[in-house]
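Have a look at the structure below, then the notes.
Below, chains carry the letters A, B, ... as their sequence lines are ordered, and counting in each starts from 1.
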Amino acid sequence: MLKGRHLIEPEDFTKEELDEIFALANSIIENPDMYLHSCDGKLLATLFYEPSTRTRFSFESAMLRLGGNVVGFSEPGSSSVMKGESIADTIRTVGSYTDIIAMRHPKEGAPKLASMYSPIPIINAGDGGHQHPTQTLTDLLTIQNIKGNFSNLTIGLCGDLKFGRTVHSLIKALSRYENNSFILISPQELRIPPYIKNVLDDKNIKYIEVEKLEDIIGDLDILYMTRVQKERFFNEADYIRLKDSYILDYEKMKLAKEDLTVLHPLPRVNEISYEVDNDPRACYFRQVKFGMYVRMALILKLLGVE
Amino acid sequence: MLKGRHLIEPEDFTKEELDEIFALANSIIENPDMYLHSCDGKLLATLFYEPSTRTRFSFESAMLRLGGNVVGFSEPGSSSVMKGESIADTIRTVGSYTDIIAMRHPKEGAPKLASMYSPIPIINAGDGGHQHPTQTLTDLLTIQNIKGNFSNLTIGLCGDLKFGRTVHSLIKALSRYENNSFILISPQELRIPPYIKNVLDDKNIKYIEVEKLEDIIGDLDILYMTRVQKERFFNEADYIRLKDSYILDYEKMKLAKEDLTVLHPLPRVNEISYEVDNDPRACYFRQVKFGMYVRMALILKLLGVE
Amino acid sequence: MLKGRHLIEPEDFTKEELDEIFALANSIIENPDMYLHSCDGKLLATLFYEPSTRTRFSFESAMLRLGGNVVGFSEPGSSSVMKGESIADTIRTVGSYTDIIAMRHPKEGAPKLASMYSPIPIINAGDGGHQHPTQTLTDLLTIQNIKGNFSNLTIGLCGDLKFGRTVHSLIKALSRYENNSFILISPQELRIPPYIKNVLDDKNIKYIEVEKLEDIIGDLDILYMTRVQKERFFNEADYIRLKDSYILDYEKMKLAKEDLTVLHPLPRVNEISYEVDNDPRACYFRQVKFGMYVRMALILKLLGVE
């Protein structure tokens, strides 16, 4: 039963609950018109204590496409007035006006705190470097739609695997399913943290760590790209030696399987060349659209509207 | 007849007109679904020349819950373009697009000026330290719902009674009804101004002025709390001697009547301890919700929609 | 066929296509209620990379009055996140969430670039000093409604004719119709640029250039006012000699025809005296309203909804 629940971390929902959400998302994708008035008279509050235009647009579009409506702020400026008071008071106030809240906050744990005082469901829309659970839902719905299921996949994750929160959540989520293996592609400095390896080891899930994308791209069913920032490298020499290995371009795509699925949480800087955009295996813009649909399903489930 | 009128000051409406608004608000509270499409196709403009997120949310939620919609700005930044032109021109422009305007402005009198040029109703959503009439409507609807009427009440107002505009408006509003008396609780420096005392004296309404909340809390039917800022005190010694008398806590609540109603216009800083929040006599979050309902009724009345 | 098209420059549409838009706008003006749900379930994105509150309000009101809804940003602040990525990526993302985009950008050509990557129609809502095509549509619909047609008119354009983009577009647009003539009223420094004169010369359209409004106001059917900024003058003496000639006041209106139509793209500073506002020939606030209606028609046409 998802009605009235919060979504603070990706692990908050069981596999079965996720299945419910994905099933509803797929129903929306097939018959969007059927859901055009599902949220008539309902209000979403978008409380963005730091700007994140793309995430805000995704939530707001989701609610509006369900017939609901939105109040919110997107700026440090307009939120400043409410910063003077406690999060508890703000949430109880906003919870008096609206039916569900999507909250983005620069501080880790703020949405969790909010959920403790909220009379209505809270969705964590990103808290600092901590969690961004609707990105994980987006990634999963995309994989399910393109691959048909979440099992028997070889998933490559490439780039900054140390600090990238979406990568950690995706690995944990996919490790719940059968017979997946992971290829972790990063420089030494940015390898996946031990606590994620522990998750994989505990479940006897196969993974290898490699340094260069070009060496293993041919093995992958899914390639999840993220950005590598120069500042993260320990020394200039390593950076120069390796930087091109974390840029997906036409040449590397030639080495990949016919049915590779390339994903990226966006925004990208230069880690995927523009020449790749027109390759049918480039799925990151389709992923954006799945992000809206999965948020539609999530809102419906948490509101208990169907 | 409220259709087409402006609301600039709380006194703009007669008692009978207020009764009409409260009756409609109560009907909305009982059957919100009946009003879900009352404002279909109508637009509210929220012109917030200074940020006030909570007031803006209340107006926008009110309009959206009536099926109407909203255009607006909430930031000095986005309003700057319109600041270059006269308020008269801005209002005639916005009045060409929308059906009703809620205006917040740092300058006293700006909404009044706007109303002189506006082809559509203007609601003052706060102008500097001057007026905030929908807060007064909120306070009154809350009292009516919780106390059943506006008469035979002993009302305590506590804190900064000198500069607090909501306090002045509430006293004037309640002095229109039968057999109320006031207990004015404040430091010397922040006593109620003479022009309010004159209103009370002219109507032979009983009031006393006291310094400490704990001395008289047991006599009150309603306690309206406001914040006391340290900077308002003339000297440090007074501040230290008195500051705890303006903080409502568990100990003071023990001295109060069983059916005391505690109100606060919010946001609070520390003048009501968090431990009081769960006391059933703490009504300030219910007050927030009444604020939305009374704005719904007000919008319907000024638009002449029912 | 306008469905799926972009509007980047006023010349993007043929006369016949403009006629279609104006016919629809007039139908909306006559029966606004018929269009109250035309855009149910459709979303407009307002991407304002620089603030322009009045243009944004016009677009948003237009979409909301059609039953559609809006996501957007209006501030450099909230758009900054998306500035980090290419316009191509932003547009493909926003195009995944919404159905049509109105884009304002300080850089010339940005909406054009956006249209090259967009899966959905882009409307240029102003790009730097370059184009502002919906202002031209507004001007034309206003003239058609007040004058009945676009032909046999003597049109005066007054003020800064050198830098005023709306003036250039309006001259080009009206030069497509029969038997119009232009009187170009400006100081030497701010005369119409040669490329516009070439357009007129090529079509054998009559025009004269004069320095003082008062000398020719009596000949005009339409007077299109714009602001003259002091900084544009070469020398102080000229400015002092001429400045009053570019201010439309009661005295000059006495010299004008009974059926003169005074237009202004707004906002005005002091180039039209407030005393003129109540003259029935002052049509600039009616023009504002026509701006909303023409945008409603434009949105419907580009979406292919009717």
Enclosure of [X] [atom1] (heavy-atom neighbours >12, cutoff 6.0 Å):
| X | atom1 | answer |
| --- | --- | --- |
| K172(C) | NZ | yes |
| F285(A) | CZ | yes |
| K112(C) | NZ | no |

(message) I'd like to know whether F57(A) forms a side chain to side chain contact (heavy atoms under 4.5 Å, CB included) with L47(C), so could you lay out the CA-CA distance, the side-chain angles of the two residues, the decisive distance to 0.1 Å, and finally the verdict.
(response) CA-CA 11 Å; F57(A) 275 21; L47(C) 308 185; 3.7 Å; yes

(message) Sort by residue number and list every residue of residues 60-71 of chain A having at least one heavy atom under 4.5 Å from chain C.
(response)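 Within residues 60-71 of chain A, near chain C: E60(A), S61(A), L64(A), R65(A), N69(A).
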
(request) Rounded to the nearest 0.5 Å, what's the gap from CE on M292(A) to CG on L43(C)? Could you check? (result)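 So the gap between those two atoms works out to 7.5 Å.
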
Minimum heavy-atom distance [X]-[Y], with the two atoms named:
| X | Y | result |
| --- | --- | --- |
| D40(C) | L36(A) | O-CD2, 4.4 Å |
| S96(C) | V288(A) | CB-CG1, 3.6 Å |
| P267(A) | E85(C) | CB-OE1, 3.2 Å |

(request) Please flag which part of Y284(A) lies under 4.5 Å from any non-hydrogen atom of chain C: side chain, backbone, both or neither. (result)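 Interface part for Y284(A): neither.
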
(request) Answer whether the closest heavy-atom distance between the side chains of S86(C) and Y274(A) falls below 4.5 Å. (result)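 The answer is yes; the side chains approach within 4.5 Å.
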
(message) Listing request: all salt bridge (charged side-chain N to carboxylate O under 4.0 Å, His left out) pairs with a residue in residues 271-282 of chain A, at least two apart in sequence or in separate chains.
(response)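 Listed once each, the pairs are R268(A)-D277(A), D277(A)-R92(C), D279(A)-R281(A).
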
